[in-house]
Amino acid sequence: MAPPLSERKYDLVVFGATGYTGKLTSEQLLLSAPSTLKWAIAGRSRDRLAVLAADYNARFPDRVPVDIVFSDLAEAALEELSACTRCLISTVGPYIKYGTPVVAACARNGTHYVDSTGEVPWVMDMIETYHETARASGAIMIPQCGVESAPADLSAYSVVRFVREQLDCPVGDFDFAVHDFKTGISGGTLETTFCLFEYCSLRKILASINPYALSPIQGRAIPSAPRMRRHPDLGILTAWIQAIPDVALVMRSWGLRQEGAYYGPRFTFREYRRTRNWFTAVAWIVLIHAVSVLPLIPPLRWLARKIVTQPGDGPVLDQPGKYRAEWRGVAHADGKQGRAHVTFRCEEDCYTLTGILLVHTALAILFDPETEAREMGGGILTPSTVATERYFDGLERAGVAIEVKMMGSQGNNNPTYFDQPPTQWDIIAYLNQHDPNDPSYDHRSVIDKWIKTLAAIVKHDSEDYNRERRDRAWVLLQKYNDTSRNSDRNRAREWLSHRINTSKTVKSGASLTIYKDSVVLKGQINNTTIHQRATRGGSSATLEGCELDDELNSHGDVSESGSTGALPVAWGTRENPVSAQAREKRKLPDDWSGAAMASNQEDAEEEEEEEEEEEHDIAAAEPEVKKSKKDFTSVYNTFAATYKDMTPQSKFTFSRSHRVLEDVIYDNARTLSKKCLVHQWVLDLGDDDVLSWFTEPGELDELLDRPIPLPESDKVFVASMARFADAENAAEYRRIAEEVGYRPAGEIYNRSKHFDAAWVNTVILSMLSIFESPNNLLLHPNLREGWFDCNPWAFLVDQCLLGLDAVLVQRKEILCLALKIGDNEPPPGKGNHGPRFDAIIHTLGDTPVIEYGAIEVGRSFESTRGKKWVTDSAKLVQALRAMLVRLHALVDYNSTALESLQVVGLLNAGMNIQTIRMGSLGTNVFFLERGKIRSIPSSVDGLRGIFPLMKSVVVFKDMIRSCVKVVKRYSGGGGKGVQEFFEELMAQNEL
């Protein structure tokens, strides 16, 4: 008989730890679990387990050492394994082939269990056979806790809970879609698909398609979802194969909670994949049907097993930023008007995401006493039954973001008020429906609803029947954003100040902590009345029973989604919890296990230095917010004025739809309530929201075909890299660099032909010198920006750009001349002329110099949504636009030249690099295109990954070279053809 949980040797065991998913799961456990956790890795190969354990213990010496447990699938071995741990994570698949005895042993011994299966027929059998056994033993068993099907289950639970809190009603239809899914595929995933058809009857597989296949109760009949559809909020949707396991698990969560009453008796869940156009939607359906045929035919299964990735292998995850996963969903309230939007996002591949979900679900089972799973008494449950606030906080620290917000009903957050004639709409009449002296009144939320509703009416209502509504909503949005004393913003403030009875006073000396926009502000309160000096993020903040009356003058700028900014507290100590989380290696708070978490003073100082570069002092925040309001008005006015000044001849017309590019941008961008790139006529080709404006046939394809083609690869350079194809260790790389020539024997070095080929040797030998240093500095956590400038980026970027004639990379705190002398408004930064850049790429012989690119460097990389990355990216984009505008003038706006001009930027963050380029889409509009994020390998084993990065740098250089040639040709007449120059002189008709 198994000992009680409290007496077991381990808290957690990862079974199948030598497999692809098992390794990633163990890595996430090392990053996220308390350091005092007693855990082990288990599997069938002692040697491979020993190698992994040695590696983990060497890399994380501050943790309790990981043990190894040998176990195969024999009943006695599994009994011993399940009896030695409180919780077991199983990554041994296919589960339909190997998983049943593991579940049986855990259910009998009361051992908590988590897995990542997506095999619904197998889960059906496990529920039927072992659910009651697990309930009797108290085991909490949660299958389908990976990409299949935790994102769907957690999103559905989050949106239902949110609608319950906001509208106090259940949910009806919930449409869920894979918005972005960039990932590879492992051999285990393919093997699982094949085994499903080998171990299950067709009848069983068809039964698993029933939405209620896993639910403890049967609900009403759910109509079949259309294979393709256009959703008003989610875009063009098509069938998605993962919908089968996801629907089944979500509906099990539905049935487990109050027999369906909590989600709602009319709750339905449908899942799709978002596509860019109808052609892609059809292609996905064809692909799904084609792939579905493969497992049905044994010879095809045999062939596929021979040629595809084998079980235990998977995609190489050496390029941060290459993979990501995002789901979006819209839920309709049942019985009330209103919609809620949920986003589930992770900037990792799906297998790393699976590891994150498995680990945090297991930790919640072990350490969180407030889960519904404990209240239910165990059994085979779902991921959402352990989803508490503590659980969601842990996922957020690991890089998983789940966001829910209200959207209203068909673009109308306030249906009763806005049902009246538009001529009666007025912000004061709207506010008079509310009592600001009511303790539950939230002025910011009320104003948010006003703005969101107006913006939604402008965007969603049809052109004909609701034209009066659209026009009135547009006028009211302008009145709110106006900077004059009579603006609706000021009218709302005056209304509030007159209606509030008294202001609450906070007791002197009380301690204040306010959370806003991921910034924590702490300090002592002086004996003063709190008005605009305090803000809060959503709910009321209280001190010793006194509600903070922070409504006066608290409403800040309006974001694209309609949310608001506010004035931060201007005193006290400033902390950044996001940076703190990174410094703590994403460990859980102490109250999970009592484990202490050490801080790193050097990292804290470095974070403070970076923050000083990115933002002004907190004490100056209030005037900065006021300035930002004026900034948006100024940017918008310039945007509108530029549009009015455009001539019909200068605009770009789509060849098929005959719509005008500038008109489409203006009609959509004018409804936005916060300045963004399109207000500067910059079209980000990676922004799906902006690209969704181009809905007519052929428009998107024509738009994406407009940018200048990338330079062709130089064969001599590529051949130089190909020399290292068979190199596997440092000695082989060094031998090839020193003994195998990059040019044929006897051929004389030619700089224009051989420079890049020779540079390959420079990079390889420089990387080897770093790898072979005593401590391999690339693995050191506290390197500063300057080290990266002087080491990897010096030979990877600066050395390569030496191949340009009369062009210089000027490094360290360089002003952008184009921002200084142009009519572009520079982004905020140090000095009077905008920010300084880590490098500017400009000509040598010109006075003033001509700039063709810029570089920004950071010491570390968290994600593409990290503050430093976002700030540096915005700086680069502003500089590139200013440079391109200046180049337009230098070529005298020649239409042929404009189509060939482009400027480039590099974002360096730690060991990661991304190329950005900007060019022209006709005369008035610029395009922005971002390359893949590539990484410097940290060991010789991954050195092959340096070659794609080097190729990106050479393409970066060739784009500069091409642009320099264009400017030389078209500026001042130099380099023009005889006939072209002759015609120009003949056309001159002036003194």
Side-chain angles (χ1 to χ4, degrees), residues 151-152 155-156 159 172-183 224-243 246-247 268-288 324-332 339-346 401-412 452 455-463 559-562 654 656-657 659 661 664-665 667-669 671-672 676-678 683-704:
S155 297
V159 80
D173 292 333
F174 179 33
D175 295 314
F176 194 61
V178 178
H179 185 79
D180 195 5
F181 201 68
K182 298 175 182 176
T183 189
S224 299
R227 306 294 287 173
M228 295 185 298
R229 60 180 291 200
R230 181 189 289 276
H231 192 283
D233 301 299
L234 302 177
I236 298 175
L237 306 179
T238 190
W240 179 233
I241 196 167
Q242 195 173 311
D246 288 359
V247 169
T268 59
F269 176 84
R270 296 186 178 94
E271 185 171 357
Y272 306 87
R273 181 186 177 98
R274 172 188 170 274
T275 64
R276 284 191 169 186
N277 50 55
W278 291 111
F279 175 80
T280 310
V282 173
W284 268 107
I285 292 177
V286 173
L287 178 63
I288 289 173
R324 74 185 303 267
E326 181 175 335
W327 291 260
R328 297 181 183 180
V330 175
H332 293 258
R339 295 176 301 161
H341 183 279
V342 63
T343 302
F344 185 107
R345 181 189 308 112
C346 180
I402 304 175
E403 302 167 357
V404 191
K405 62 182 180 181
M406 290 303 300
M407 299 176 66
S409 176
Q410 298 178 352
N412 192 346
K452 288 179 180 178
I457 291 172
V458 169
K459 182 176 181 180
H460 289 294
D461 283 2
S462 64
E463 182 71 33
S559 71
E560 294 179 43
S561 63
F654 289 102
R656 289 182 60 186
S657 67
R659 291 206 301 172
L661 172 63
V664 175
I665 293 175
D667 289 341
N668 286 277
T671 66
L672 303 178
C676 57
L677 286 178
V678 288
L683 209 59
D684 187 344
L685 299 183
D687 188 336
D688 290 338
D689 292 331
V690 172
L691 294 182
S692 67
W693 298 345
F694 304 95
T695 55
E696 296 299 323
E699 284 185 348
L700 196 56
D701 292 336
E702 190 170 351
L703 196 63
L704 297 177

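What you see below is based on every heavy atom in this structure, not just the backbone, and it leaves out hydrogens, waters and symmetry mates. All residue numbers in this chain count up from 1 along the given sequence.
By the side chain to side chain contact (heavy atoms under 4.5 Å, CB included) test, Asp667 is found to be paired with Arg670, residues two or more places apart in sequence or in another chain being considered. When the salt bridge (charged side-chain N to carboxylate O under 4.0 Å, His left out) test is applied to Arg345, the partners found at least two apart in sequence or on another chain are Glu326, Glu403. For the side chain to side chain donor-acceptor pair (under 3.5 Å) test, residues two or more places apart in sequence or in another chain that qualify with Thr268 are Asp173. Applying the side chain to side chain donor-acceptor pair (under 3.5 Å) criterion to Asp175, with sequence neighbours excluded, gives Arg229, His231. Listed by chain and number, the residues in a side chain to side chain contact (heavy atoms under 4.5 Å, CB included) with Ser155 are Phe176, Val342, Phe344 (sequence neighbours excluded). Not counting sequence neighbours, the partners of Arg276 by the side chain to side chain contact (heavy atoms under 4.5 Å, CB included) test are Asp688, Leu691, Leu700, Leu704. Scanning for ring pair (Phe, Tyr, Trp, His ring centres under 6.0 Å) contacts around Phe654 gives Phe652, Phe694, with sequence neighbours left out. Under the salt bridge (charged side-chain N to carboxylate O under 4.0 Å, His left out) criterion, Arg659 pairs with Glu699, sequence neighbours left out. With sequence neighbours left out, the ring pair (Phe, Tyr, Trp, His ring centres under 6.0 Å) criterion links Trp240 to Phe181, Trp284. For Thr695, the side chain to side chain donor-acceptor pair (under 3.5 Å) test picks out no residue, with sequence neighbours left out. Scored by the side chain to side chain contact (heavy atoms under 4.5 Å, CB included) test, Arg227 finds Ala239, Ile285, His289 as partners (sequence neighbours excluded). Listed by chain and residue number, nothing satisfies the salt bridge (charged side-chain N to carboxylate O under 4.0 Å, His left out) test with Arg656 (two or more places apart in sequence, or in another chain).
Residues Trp278 and Ile236 form a side-chain contact, since some pair of their non-hydrogen atoms from C-beta on lies under 4.5 Å apart.
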